[in-house]
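Only a predicted model underlies this, so the values are computations on that prediction, with no experimental measurement involved.
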Amino acid sequence: EADFAYKGVTTCAGDSMCQAACPVKIDTGALVKELKAAAHPEWSHGVAVAAAERFSLVAEGARAGLGTTAALRALPLGPGLVDLASELAHAAAPALVPRVPPALVLPLPAPALPTPVPGPAGGRAVVYFPSCLTRIVGSQPGEDILPPARAMDEVLRWAGLSVRLPEGIDSLC
């Protein structure tokens, strides 16, 4: 049972792709999703739904947290303050808030998405759906890289495509 808890549940992607390789089409991903859901308290489903319905606020909060942490760590006593604050928050809600030790390198917040610019009239267009991860998490401190959303935007424009973003992208993940 202990082995299955890790090897069968924790490490399972739960995406049901193993069903494609199974000769009798057993969907173990669905079973693992049910096992994972059953392990959470009943109220957690309501919290998850509320967070999903307010995803733009959750994402903005995550970006603000990354930015605030970076700014605090830049202060003379900042790393210790971040460590103390995360220790207190972790003690209050260990399943929700991780402890952030001073040595842990955190990414910066992601920059704003590129503003869609219409291409030539009658040209080909593509709807680009940047992942929520690339809209929240930016580069590591000191890295000088092009953000993934901006890089994709440039590649698509180079290919002669007009780039559009889905309406309400900030609320989607």
Side-chain angles (χ1 to χ4, degrees), residues 1-22 25-73 81-114 116 126-141 147-153 163-173:
E1 258 184 67
D3 287 345
F4 180 74
Y6 177 75
K7 293 178 181 176
V9 178
T10 304
T11 61
C12 177
D15 60 5
S16 299
M17 286 303 298
C18 52
Q19 181 181 13
C22 179
K25 305 297 180 206
I26 296 172
D27 188 355
T28 53
L31 169 66
V32 168
K33 285 180 190 174
E34 286 183 31
L35 292 172
K36 287 180 178 181
H40 294 288
E42 201 170 305
W43 58 265
S44 68
H45 178 74
V47 171
V49 169
E53 289 174 346
R54 294 160 185 83
F55 182 75
S56 61
L57 292 174
V58 172
E60 188 55 43
R63 282 191 295 276
L66 289 170
T68 301
T69 302
L72 282 173
R73 280 183 164 179
L81 289 172
V82 170
D83 185 38
L84 176 62
S86 73
E87 184 66 39
L88 293 172
H90 178 72
L96 184 62
V97 181
R99 187 174 165 272
V100 183
L104 180 65
V105 178
L106 292 175
L108 299 169
L113 289 174
V126 64
V127 176
Y128 171 45
F129 194 125
S131 75
C132 49
L133 183 63
T134 63
R135 291 182 280 131
I136 295 172
V137 178
S139 63
Q140 295 285 359
R150 186 152 322 271
M152 180 56 72
D153 181 69
V163 181
R164 298 181 186 156
L165 296 174
E167 196 172 304
I169 186 72
D170 292 337
S171 298
L172 303 173
C173 183

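- Here the OG1-CG distance, from Thr69 to Leu81, works out to 11.5 Å after rounding to the nearest 0.5 Å.
- Ala93 pairs by the side chain to side chain contact (heavy atoms under 4.5 Å, CB included) definition with Leu96, Val97, not counting sequence neighbours.
- Checked by atom type and distance alone, the side chain of Ser171 never pairs as donor or acceptor with a backbone atom of Ser56 at under 3.5 Å.
- Scanning all heavy atoms of the two residues, the minimum distance from Val100 to Ser86 falls at N-OG, 2.9 Å.
- Leu72 pairs by the side chain to side chain contact (heavy atoms under 4.5 Å, CB included) definition with Thr68, Leu75, Val82, not counting sequence neighbours.
- With sequence neighbours excluded, no residue forms a side chain to side chain donor-acceptor pair (under 3.5 Å) with Ser139.
- Residues passing the disulfide (SG to SG under 2.5 Å) test with Cys173, sequence neighbours excluded: Cys132.
- Contacts of Ser44 classified as side chain to side chain donor-acceptor pair (under 3.5 Å), with partners at least two apart in sequence or in another chain: none.
- Contact between Thr134 and Ala110 at its shortest, heavy atoms only, is O-CB, 3.4 Å.
- Asp27 meets the side chain to side chain donor-acceptor pair (under 3.5 Å) test with Ser16; sequence neighbours excluded.
- Across all their heavy atoms, Ile136 and Phe55 have their closest contact at CD1-CZ, 4.0 Å.
- Counting only distance, with no hydrogens or angles, the side chain of Arg135 and the backbone of Ile169 share a donor-acceptor pair below 3.5 Å.
- Residues satisfying the side chain to side chain contact (heavy atoms under 4.5 Å, CB included) test with Pro147, not counting sequence neighbours, are Pro111, Arg150.
- Counting only heavy atoms from C-beta outward, the side chains of Leu113 and Tyr128 never approach each other to under 4.5 Å.
- In this view, Arg63 and Glu60 satisfy the salt bridge (charged side-chain N to carboxylate O under 4.0 Å, His left out) rule, not counting sequence neighbours.
- At least one side-chain heavy atom of Arg73 sits under 4.5 Å from a side-chain heavy atom of Leu106.
- Listed here is the closest heavy atom pair of Pro107 and Leu66: O-CD2, 3.4 Å.
- Arg99 pairs by the salt bridge (charged side-chain N to carboxylate O under 4.0 Å, His left out) definition with Asp83, Glu87, not counting sequence neighbours.
- Taken from CG in Leu165 to CG in Leu172, the straight-line distance is 11.0 Å, to the nearest 0.5 Å.
- Taking Val32 as the reference, Val9, Cys12, Lys36 meet the side chain to side chain contact (heavy atoms under 4.5 Å, CB included) condition, with sequence neighbours excluded.
- Identified under the salt bridge (charged side-chain N to carboxylate O under 4.0 Å, His left out) test for residues 2-17, with sequence neighbours left out: none.
- The side-chain heavy atoms of Thr11 and Tyr6, taken from C-beta on, include a pair separated by under 4.5 Å.
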